[in-house]
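So you know, we letter chains A, B, ... as the sequences are listed, proteins then strands, and number each from 1.
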Protein chains: 2
Amino acid sequence: MPRAGLDPAAVVAAGAALADEVGLANLTMGLLAERLGVRTPSLYKHVGGQEDLNRRIATLALGEAADAIGGAVQGYAGRDALAAAARAFRAFVLEHPGRYGATIGVEPHGPDDPLAVAGRRSLGAFRAVLRGYDIAEPDVDHALRMLRSLCHGFATLQAANGFQWSADIDESFEWLISFADRGLRAM
Amino acid sequence: MPRAGLDPAAVVAAGAALADEVGLANLTMGLLAERLGVRTPSLYKHVGGQEDLNRRIATLALGEAADAIGGAVQGYAGRDALAAAARAFRAFVLEHPGRYGATIGVEPHGPDDPLAVAGRRSLGAFRAVLRGYDIAEPDVDHALRMLRSLCHGFATLQAANGFQWSADIDESFEWLISFADRGLRAM
DNA sequence: TCCCCATGGCTAATGTTGTTAGCTAAAAGC
DNA sequence: GCTTTTAGCTAACAACATTAGCCATGGGGA
C-alpha cells in the first residue's frame with residue numbers, strides 16, 4: 001500500500017482541473033479518485049464530501065480570478081483598465097468553466113470564510129477599475145453590480161452556448177466594453 | 001389501481017413548480033412522483049428521463065418568460081418598454097428560479113426543437129424593445145446580447161444570493177435600467 | 001536504532017437516486 | 001362485449017456518495 005501523498009490542496013486542484021475538463025456536472029468522486037490514483041473513500045480523508053469539495057473549488061476559482069483580473073489591470077486606468085479586466089474575466093471563465101461554475105450558488109458561512117475573502121478580493125479587482133472613472137460615491141455600488149452582471153452574464157451565456165445566431169461573439173464583447181465605458185464616462 | 005390521469009404536460013408543469021419550490025438541484029424523480037401521487041417509474045411513461053424532463057421544463061420556462069416580457073412591453077416604447085421588459089424578466093427569474101435554472105446549459109437539438117422556438121420567442125421580446133431606439137442595423141445583435149447579458153447576469157446573481165453587501169438591490173436594478181437606456185439613446 | 005502512534009490508504013457495506021424489464025388492469029376503439 | 005393499447009405497478013439493477021472499521025506507512029521521540 002504505497003502512499004499517494006495527497007493533501008487537501010492537491011485534491012482540490014485536481015478536482016478543479018477535472019471539472020474544467022469534463023464539466024462540473026460530471027465531476028464525480030469516483031472519477032476524481034481515479035485521476036489521483038486512489039480509491040474513492042480515500043478522498044474523504046482530505047475533503048468533507050462533495051459539497052465541501054465544491055466550496056473549496058469555488059474558493060480557489062475566486063482567488064485565481066482575482067489574481068487574473070488584478071494582474072491584467074496593472075498599469076492601466078479608465079477604458080484600458082475596464083477592457084483589460086473584462087477580457088481577463090471572460091478568458092478565465094472560458095478557460096475554466098468548471099471551477100467558475102462551482103462559484104455559482106455557494107454562499108459563505110460567515111465573513112471569515114475563505115470563500116468570502118476570495119469573493120471580496122475578486123470584487124476589489126473590479127472596484128479598482130471604477131476608480132478610473134468619475135463616479136459619485138452613491139453610484140459606485142450600483143456601477144459595480146452592473147459591471148459584474150454584465151461580465152458574469154455574458155461569460156456564462158457564452159460558456160453555456162447561449163448565443164445561437166450569427167454575429168461574432170468576440171466582436172459583441174468588445175462592443176459591450178465600449179458601451180459600458182461610454183456609459184461610465186458620461187456620469 | 002386507479003389511474004392518475006397524467007400526461008407529459010402535467011408532469012412537466014409539476015416538475016417546474018417543484019423545482020421552484022425546492023430548487024432545481026433538489027428536484028428528484030422520486031420527489032416529483034410523490035407530488036403527483038404516483039410511483040417513480042411511472043414518470044417514465046411520460047418523459048424520457050431526467051435530462052428530457054429538464055429540457056421540457058426549460059422549454060416551458062422560456063415560453064412563459066417570452067409571454068411575460070412580451071405582455072409587459074405592450075403599449076410602451078423606448079425607456080418605458082426597456083424598463084417594463086427588464087422588470088418582467090427579473091420578476092420571472094426571482095419567482096421561478098427553478099424553471100429558469102433549467103434553461104441554463106441546455107442546447108436545442110436543431111432549429112425545430114421546441115426549445116429553440118421558445119428561445120427565439122423570448123429573444124424576440126427583447127428585440128422588440130430595441131426597435132424603440134435608434135440603433136444602426138449592425139449594432140442590433142450586439143445590443144441584444146448586451147441586454148440579455150445584463151438581465152441574465154443580474155437576475156441569476158441575485159437568485160444565487162450573489163450580492164452580499166449593503167446597497168439596495170431593487171435600487172441597483174433601476175439604476176441599471178437607466179444606465180442601459182442612456183447608453184442606447186446615445187447611439 | 002527501535003518503537004509508537006497518528007494518519008492515509010484500503011475493503012466492505014449502506015442509503016439514495018435514476019433507470020429498465022416485465023406484469024396487470026384500466027381505458028379506448030371496434 | 002371483445003380486443004388492443006397503455007398507464008400504472010413491483011422488482012431489480014447500476015451508479016454514486018458516504019460511513020465504518022481495518023491495516024500498513026512513516027515520522028517523532030525514547
Would you kindly give the CG-to-C1' distance between Asp7(B) and dA27(C), to the nearest whole Å?
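Distance, rounded to whole Å: 15 Å.
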
Distance in angstrom units between Glu51(A) CD and dT19(D) C1', rounded:
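The distance from CD of Glu51(A) to C1' of dT19(D) comes to 17 Å, rounded to the nearest Å.
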
By ring pair (Phe, Tyr, Trp, His ring centres under 6.0 Å) - contacts of His96(A) (at least two apart):
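Phe92(A).
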
Partner set under ring pair (Phe, Tyr, Trp, His ring centres under 6.0 Å) for Tyr100(A), not counting sequence neighbours
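Scan of Tyr100(A) (ring pair (Phe, Tyr, Trp, His ring centres under 6.0 Å), adjacent residues dropped) gives Phe89(A), His152(A).
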
If you group Ile, Leu, Val, Met, Phe, Trp and Tyr whenever their side-chain heavy atoms sit less than 4.5 Å apart, what else falls in with Leu94(B)?
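Cluster partners of Leu94(B): none, it stands alone.
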
Under 4.5 Å side-chain linkage, directly or through intermediates, the cluster mates of Leu115(A):
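Reading the cluster by chain and number, Leu115(A) sits alongside Leu62(A), Val106(A).
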
Please list, for nucleotides 3-5 of chain D, all pairs of protein and nucleotide N/O atoms separated by less than 3.5 Å.
none

Can you say whether the rings of Phe179(B) and Phe179(A) are parallel (under 30°), tilted (30 to 60°) or perpendicular (over 60°)?
perpendicular

Any side-chain heavy-atom pair of Leu27(A) and Asn54(A) under 4.5 Å:
no

With a 4.0 Å heavy-atom cut-off, tell me which residues in residues 27-35 of chain A come close to DNA chain D, sorted by residue number.
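Thr28(A), Met29(A), Gly30(A) - these, ordered by number, are the residues of the stretch whose heavy atoms sit under 4.0 Å from the strand.
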
side-chain hydrogen bond (donor to acceptor under 3.5 Å, both in side chains) against Asp52(B), all qualifying residues, sequence neighbours excluded:
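For Asp52(B) the side-chain hydrogen bond (donor to acceptor under 3.5 Å, both in side chains) partners, ignoring immediate neighbours, are Arg56(B).
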
Rounded to the nearest 0.5 Å, what separates atom CD in Gln50(A) from atom CG in Leu32(A)?
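Between atom CD of Gln50(A) and atom CG of Leu32(A) there are 10.0 Å.
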
So, taking the atom named CG in Leu176(B) and the one named CG in Leu147(A), what distance separates them when rounded to the nearest 0.5 Å?
10.0 Å

Is the closest basic N to carboxylate O distance between [X] and [Y] below 4.0 Å?
| X | Y | result |
| --- | --- | --- |
| Glu171(A) | Arg145(B) | no |
| Asp113(A) | Arg120(A) | no |
| Glu174(A) | Arg87(A) | yes |

Could you list by number each residue of residues 37-48 of chain B showing a heavy-atom separation from DNA chain C of less than 4.0 Å, or answer none if no residue does?
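Output list: Thr40(B), Pro41(B), Tyr44(B).
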
For DNA chain C, what residues of residues 12-24 of chain B have any heavy atom nearer than 4.0 Å?
none

Does atom CD of Glu107(A) have more than 12 heavy-atom neighbours, drawn from other residues, nucleotides or ligands, at distances under 6.0 Å?
yes

Considering only distance and modelled atom types, tabulate donor-acceptor pairs under 3.5 Å from the side chains of residues 134-141 of chain A, sequence neighbours left out.
| unit_1 | atom_1 | unit_2 | atom_2 | d |
| --- | --- | --- | --- | --- |
| Asp139(A) | OD1 | Trp175(B) | NE1 | 3.2 |
| Asp141(A) | OD1 | Trp165(B) | NE1 | 3.2 |
| Asp141(A) | OD2 | Trp165(B) | NE1 | 2.7 |

For residues 73-83 of chain A, please give each side-chain donor-acceptor pair under 3.5 Å, one per line with the distance, not counting sequence neighbours.
| unit_1 | atom_1 | unit_2 | atom_2 | d |
| --- | --- | --- | --- | --- |
| Arg79(A) | NH1 | Ser178(A) | OG | 3.0 |

Which angle, rounded to 10°, do you find between the first-five-pair axis and the last-five-pair axis of the helix from dT1(C)-dA30(D) to dC30(C)-dG1(D)?
10°

